[in-house]
Amino acid sequence: MKIEHLIETLREHISLAENSRYCAEKGDEEKSNKYDDEMQSIEGYLVEELGIELDSYGEIYKLKENK
């Protein structure tokens, strides 16, 4: 994965998180859940590709390797 692609992916995740929180605050749980599903898709992609976990608050965690 190129760094440009990673940056764009992270920006997309941030945007989805902001939209999800906004919709939740406005009481539109259906739309909020749609954004959450899209965020989880990105999170799964990052786990598979880079072995990192990203949460909805933008925190990044390195997955521990099994020894």
Please assess His13 against Leu54 for the test side-chain contact (heavy atoms from CB on, under 4.5 Å), listing each intermediate value before the final yes or no. CA-CA 9 Å; His13 189 273; Leu54 180 65; 3.6 Å; yes

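Distance CD1/Ile3 to CD/Glu8: 12.5 Å, rounded to 0.5 Å. Atoms CG and CD, from Asn33 and Glu38 in turn, are 11.5 Å apart once rounded to the nearest 0.5 Å. Note that the CG atom of Leu10 and the CD1 atom of Ile42 stand 8.5 Å from one another [nearest 0.5 Å]. Note that CZ of Arg21 is 9.5 Å distant from OG of Ser32, once rounded to the nearest 0.5 Å. Going from atom CG of Leu16 over to atom CZ of Arg11 covers 14.5 Å, rounded to the nearest 0.5 Å.
The cluster map of Ile, Leu, Val, Met, Phe, Trp and Tyr, joined by side-chain heavy atoms under 4.5 Å apart, puts Ile7 and Met39 in the same cluster.
Evaluation of the side chain to side chain donor-acceptor pair (under 3.5 Å) rule for Tyr45 yields His5 as partners, not counting sequence neighbours. Among residues two or more places apart in sequence or in another chain, the side-chain contact (heavy atoms from CB on, under 4.5 Å) test is passed with Ile14 by Glu18. Residues passing the side chain to side chain donor-acceptor pair (under 3.5 Å) test with Glu12, sequence neighbours excluded: none. Asp37 meets the side-chain contact (heavy atoms from CB on, under 4.5 Å) test with Gln40; sequence neighbours excluded. Asp36 meets the side chain to side chain donor-acceptor pair (under 3.5 Å) test with Ser20; sequence neighbours excluded. Remark: Lys31 pairs with Cys23, Asp28, Tyr35 by the side-chain contact (heavy atoms from CB on, under 4.5 Å) rule, at least two apart or across chains.
With contacts defined as side-chain heavy-atom distances shorter than 4.5 Å, the pair Glu53/Leu46 does not qualify. Side-chain atoms of Leu6 and Leu50, non-hydrogen and from C-beta on, do get closer than 4.5 Å to each other. Put simply, the side chain of Val47 does not reach to within 4.5 Å of the side chain of Ile52, judged on heavy atoms.
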